[in-house]
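Structure first, commentary second.
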2 protein chains.
Amino acid sequence: MEHSKKTTIHDIAERLNVTASTVSRALNGNPRISDNTRKAVLKAARELDYEPNQIASALRSGRTQLIGMLVPTINRAFFSSIIRGVEEVANSLDYRVIVSQSNEIFENEENAVKAFLNARVDGIIASIGKNTEHFNHYKQVLDRGLPLVLFDRTTPKLQTGQVVIDDYQGAYMATTHLIEQGCERIVHFTSERKIDIYKERYRGYVNALQDHGIEPNHSLVFSGNLQLEDGRKHAEQLIQGKVDFDAIFSASDYAAMGAMQVLKENGLKVPDDVALVGFLNEPFTSFTDPPLTSVNQFPIEMGQTAANLFFNALNSDKKKIIPKKTVIQPELIVRASSLRTAP
Amino acid sequence: MEHSKKTTIHDIAERLNVTASTVSRALNGNPRISDNTRKAVLKAARELDYEPNQIASALRSGRTQLIGMLVPTINRAFFSSIIRGVEEVANSLDYRVIVSQSNEIFENEENAVKAFLNARVDGIIASIGKNTEHFNHYKQVLDRGLPLVLFDRTTPKLQTGQVVIDDYQGAYMATTHLIEQGCERIVHFTSERKIDIYKERYRGYVNALQDHGIEPNHSLVFSGNLQLEDGRKHAEQLIQGKVDFDAIFSASDYAAMGAMQVLKENGLKVPDDVALVGFLNEPFTSFTDPPLTSVNQFPIEMGQTAANLFFNALNSDKKKIIPKKTVIQPELIVRASSLRTAP
DNA sequence: TTTACTTGTGCAATCGATTGCATAAATAAT
DNA sequence: ATTATTTATGCAATCGATTGCACAAGTAAA
């Protein structure tokens with residue numbers, strides 16, 4: 001079978017003895033078209049199996065119905081869930097999402113943004129890379145008048161919409177929970193990197209201690225990369241150094257997991273000897289033994305929020321995003337790793 | 001600052017006193033353009049900060065440099081890893097990937113494919129939904145002469161490129177491994193659904209048993225949805241029914257996990273009393289206690305393979321995919337849940 | 001020197017839809 | 001009955017790049 005040529009508005013126009021303008025207006029619900037004509041157009045469109053060519057429409061109208069979405073890593077639960085949230089909102093509004101990943105490499109990030117602009121996306125939703133220090137590529141987006149929304153990893157250097165979770169609050173809740181479980185010497189795993197989110201978590205940890213009359217102890221804070229191995233190392237140091245501690249609040253589930261392994265290997269009971277709380281609520285946290293208490297960041301909701309912010313900006317007159325920061329409240333998910341039966 | 005109008009090939013043409021055709025040809029490396037002109041064009045393009053408008057190019061040339069990618073669920077490790085694989089290959093060739101999810105709902109799947117076609121993607125890479133039984137939407141893709149590649153969930157009803165893993169082989173390896181660990185009464189968790197992949201895994205299980213002189217036992221096979229809860233239920237039945245068994249090979253990591261929980265709750269030791277093997281190598285499998293042996297499907301490689309198949313088809317004369325099925329060999333990742341120290 | 005290619009550009013149509021402006025017909029206002 | 005307004009549609013330019021065909025100038029072959 002030959003590939004039958006796609007029908008265009010001209011085919012419809014010809015059949016009805018009207019012009020393409022009329023057909024276009026009828027299809028787009030322009031009120032200046034009579035009811036009769038509109039019905040006839042819609043009927044013909046159906047009969048001829050008409051499907052609009054979005055490329056042609058985009059060229060003329062300047063709207064592609066495409067959103068460029070940039071994440072550091074696609075296949076990490078947190079980010080893929082955010083993509084999911086964005087995708088749901090976007091698709092319901094007949095927008096499509098182009099996904100690219102930077103792999104935390106600055107050059108990739110620049111290229112992806114440039115590619116998005118060449119593809120003439122209607123705007124961009126992005127999480128900036130760990131190593132990103134200049135923001136010219138993002139400024140270009142704003143200079144073109146395109147909506148830009150940043151999530152999770154944001155920067156005050158760009159005047160644009162941002163969505164983050166309240167890391168401070170999450171850490172505060174986690175630490176308070178441990179205190180309420182009777183813990184008094186609470187270790188904290190944090191990151192060496194100077195990213196806001198870890199500073200905020202540290203701040204939440206410190207403040208929660210102080211608010212409950214516990215003096216923060218510098219020797220209980222461990223800084224590393226927050227991977228599984230880092231957690232193991234920290235835990236080994238704690239044990240070998242015979243440090244007196246009864247809980248760990250880790251800014252990452254992976255590091256918490258590493259610590260859990262080492263603790264168990266050394267015959268320490270979780271949570272009775274050491275209570276454990278992680279951060280991010282990775283999918284694996286409910287499958288560890290004991291299941292790991294963690295802080296849920298609501299990534300799907302975060303994606304939805306980012307998308308809503310995006311569409312608000314898109315539909316506003318100025319097409320300029322109000323540089324508002326939306327802060328999502330996290331939730332402490334208490335599991336067995338921090339639940340002491342008897343105080 | 002005003003949004004400076006984007007420069008077009010006409011601006012370059014004007015500055016150099018040539019026509020837009022010449023500029024277009026120069027930029028596209030057409031050999032009929034003299035070296036001098038080409039250099040002048042490239043220089044002017046750089047100076048004027050020219051960026052091609054892909055929409056205009058797409059309208060005229062019919063090539064959008066976009067791939068539509070359809071998955072059941074974006075935020076599942078297996079699928080997001082496949083997306084990652086596709087994205088890497090696509091981006092390196094200056095293609096972008098539009099991602100949509102069907103959530104296993106047939107209507108969503110149809111709509112997504114239709115949206116892809118309206119966006120005039122150059123082709124589609126998809127995994128079909130569990131409940132999909134008609135394939136007209138995919139046939140339309142083929143009728144238009146667009147490349148279509150299916151991965152993981154495929155169908156023989158479509159004459160097109162497919163990428164799957166060798167489920168039979170994965171199951172055969174898993175079962176053989178258990179037998180080699182000294183297990184003789186091996187339970188199998190499978191799915192009620194009539195999807196090929198589960199039938200293949202079942203077949204691999206049965207054949208491995210037979211090849212080692214063990215008679216398959218119908219009462220050791222449990223059928224369900226393969227979720228965590230199903231695994232728990234099956235394990236409870238096994239224990240309450242006082243069934244004699246010494247291993248479980250589950251067609252899903254989640255069900256294996258559920259079983260592990262119940263076994264431990266009932267004082268049974270993994271792997272000594274019951275050895276355990278899952279399937280899919282979910283990220284959590286290395287974090288369970290004991291870590292869960294599983295079958296790696298190489299999802300990133302699967303995505304890369306799908307993308308390569310796609311581009312082969314795209315670049316072939318006929319633009320018709322050779323309806324070839326690429327089968328990826330899985331790998332058994334042995335962890336503690338199935339490793340018996342003494343036979 | 002004449003004829004035949006080759007090389008490098010230009011012309012103008014085209015991809016398919018959108019949209020500002022003009023206009024004919026129908027209706028309302030005076 | 002005349003003028004003003006509304007309604008419905010057409011005209012033609014436009015978005016920006018691509019491409020088949022034409023053609024002038026230069027080079028090679030006869």
Side-chain angles (χ1 to χ4, degrees), chain A residues 3-42 44-45 48-66 94 117-122 144-145, chain B residues 3-42 44-45 48-66 94 117-122 144-145:
Chain A
H3 309 147
S4 52
K5 272 204 102 162
K6 288 241 45 166
T7 48
T8 70
I9 53 171
H10 293 97
D11 301 326
I12 300 178
E14 195 175 9
R15 171 193 268 230
L16 298 178
N17 263 325
V18 296
T19 58
S21 337
T22 302
V23 176
S24 171
R25 291 193 178 103
L27 292 171
N28 290 318
N30 187 311
R32 314 222 28 176
I33 297 295
S34 73
D35 260 13
N36 285 339
T37 310
R38 184 189 320 286
K39 276 179 201 153
V41 167
L42 292 177
L48 293 174
D49 219 12
Y50 170 76
E51 296 287 348
N53 184 329
Q54 290 204 144
I55 297 298
S57 164
L59 177 58
R60 177 63 230 249
S61 69
R63 279 169 272 114
T64 52
Q65 313 266 101
L66 291 175
D94 244 317
L117 291 178
N118 287 171
R120 295 302 191 269
V121 297
D122 288 344
R144 294 246 188 108
Chain B
H3 309 146
S4 52
K5 274 205 101 162
K6 287 240 48 165
T7 49
T8 71
I9 53 170
H10 294 96
D11 301 326
I12 300 178
E14 195 174 10
R15 173 193 267 229
L16 298 177
N17 262 326
V18 295
T19 58
S21 340
T22 302
V23 175
S24 171
R25 291 193 178 102
L27 292 170
N28 289 317
N30 186 312
R32 315 220 26 178
I33 297 296
S34 73
D35 260 14
N36 284 340
T37 309
R38 183 189 321 285
K39 275 180 199 150
V41 167
L42 293 177
L48 294 175
D49 218 9
Y50 171 75
E51 296 287 349
N53 184 329
Q54 291 204 142
I55 297 297
S57 165
L59 176 59
R60 178 62 230 250
S61 68
R63 279 169 272 114
T64 52
Q65 314 263 103
L66 292 175
D94 243 317
L117 292 178
N118 286 170
R120 295 301 192 272
V121 296
D122 288 345
R144 294 247 188 108

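When each of D:dG16, D:dT19, D:dT9 is scored by its nearest atom to the side-chain atoms of B:Asn53, the top-ranked nucleotide is D:dG16. For A:Arg60, counting side-chain heavy atoms from C-beta on, the closest listed nucleotide (D:dT14, D:dT9, C:dG10) is D:dT14. Looking at the side chain of B:Leu59, the nearest of the listed nucleotides C:dG16, C:dG8, D:dT18 is C:dG16. Taking the side chain of A:Ile9 as heavy atoms from C-beta on, and the options C:dA17, D:dA17, D:dC15, the nearest nucleotide is C:dA17. Closest to the B:Ile33 side chain, of the nucleotides C:dG16, C:dT9, D:dT18, is C:dT9.
For the pair B:Asn30 CG and C:dT9 C1', the interatomic distance rounds to 11 Å; values are reported in whole Å. Atom NZ in B:Lys6 sits about 10 Å away from atom P in D:dG16, given to the nearest Å. Taking atom CG on B:Asn17 and atom P on C:dT9, their separation rounds to 13 Å, with Å as the unit. Protein atom CD of B:Gln65 is 13 Å distant from nucleotide atom C1' of D:dA17, rounded to whole Å. What separates CZ of B:Arg120 from C1' of C:dC15 is a distance of 11 Å, to the nearest Å. Between the NE2 atom of A:His10 and the P atom of D:dA12 there is a distance of 13 Å, rounded to whole Å. Atom P of nucleotide D:dG16 and atom CZ of A:Arg63 are separated by 14 Å, given to the nearest angstrom. Between the P atom of D:dT9 and the NZ atom of A:Lys39 lies a distance of 13 Å, rounded to the nearest Å.
Taken to the nearest 0.5 Å, the CG atom of A:Asn53 stands 11.0 Å off from the CD atom of A:Glu51. Interatomic distance, CD of B:Gln54 versus OG1 of A:Thr64, reported as 11.0 Å (0.5 Å rounding).
Listed pair A:Arg25 / D:dC11 fails the phosphate criterion, with no side-chain N or O lying under 4.0 Å from OP1 or OP2. Contact check, B:Ser34 against C:dT9: a side-chain N or O comes under 4.0 Å of OP1 or OP2. Side-chain nitrogen and oxygen atoms of A:Ser24 include none within less than 4.0 Å of the OP1 or OP2 phosphate oxygen of C:dG16. In this structure, B:Ser57 reaches the D:dT18 phosphate: one of its side-chain N or O atoms is under 4.0 Å from OP1 or OP2. Applying the 4.0 Å criterion to OP1 and OP2 of D:dG16, one finds that B:Thr8 has every side-chain N and O outside that range. Proximity of A:Ser61 to the phosphate of C:dT18: no side-chain N or O atom is located under 4.0 Å from OP1 or OP2.
The shortest side-chain heavy-atom distance between A:Ile12 and A:Glu14 does not fall under the 4.5 Å cut-off.
Between the base of D:dA12 and the side chain of A:Ser21 there is a donor-acceptor pair shorter than 3.5 Å.
The shortest heavy-atom contact between B:Pro31 and B:Arg38 is CA-NH2, 4.4 Å. The nearest pair of heavy atoms linking B:Arg63 to B:Asp122 is CA-OD1, 3.5 Å.
Residue contacts shown for B:Val23 are absent, as no nucleic acid heavy atom lies under 4.0 Å away. Counting non-hydrogen atoms under 4.0 angstrom, A:Asn36 reaches nothing in the nucleic acid.
No donor-acceptor pair under 3.5 Å is formed between the side chain of A:Asn28 and the backbone N or O of A:Asn30.
Both A:Ile55 and A:Arg32 lie near DNA chain C, and the one whose nearest nucleotide falls closer to the 5' end is A:Ile55.
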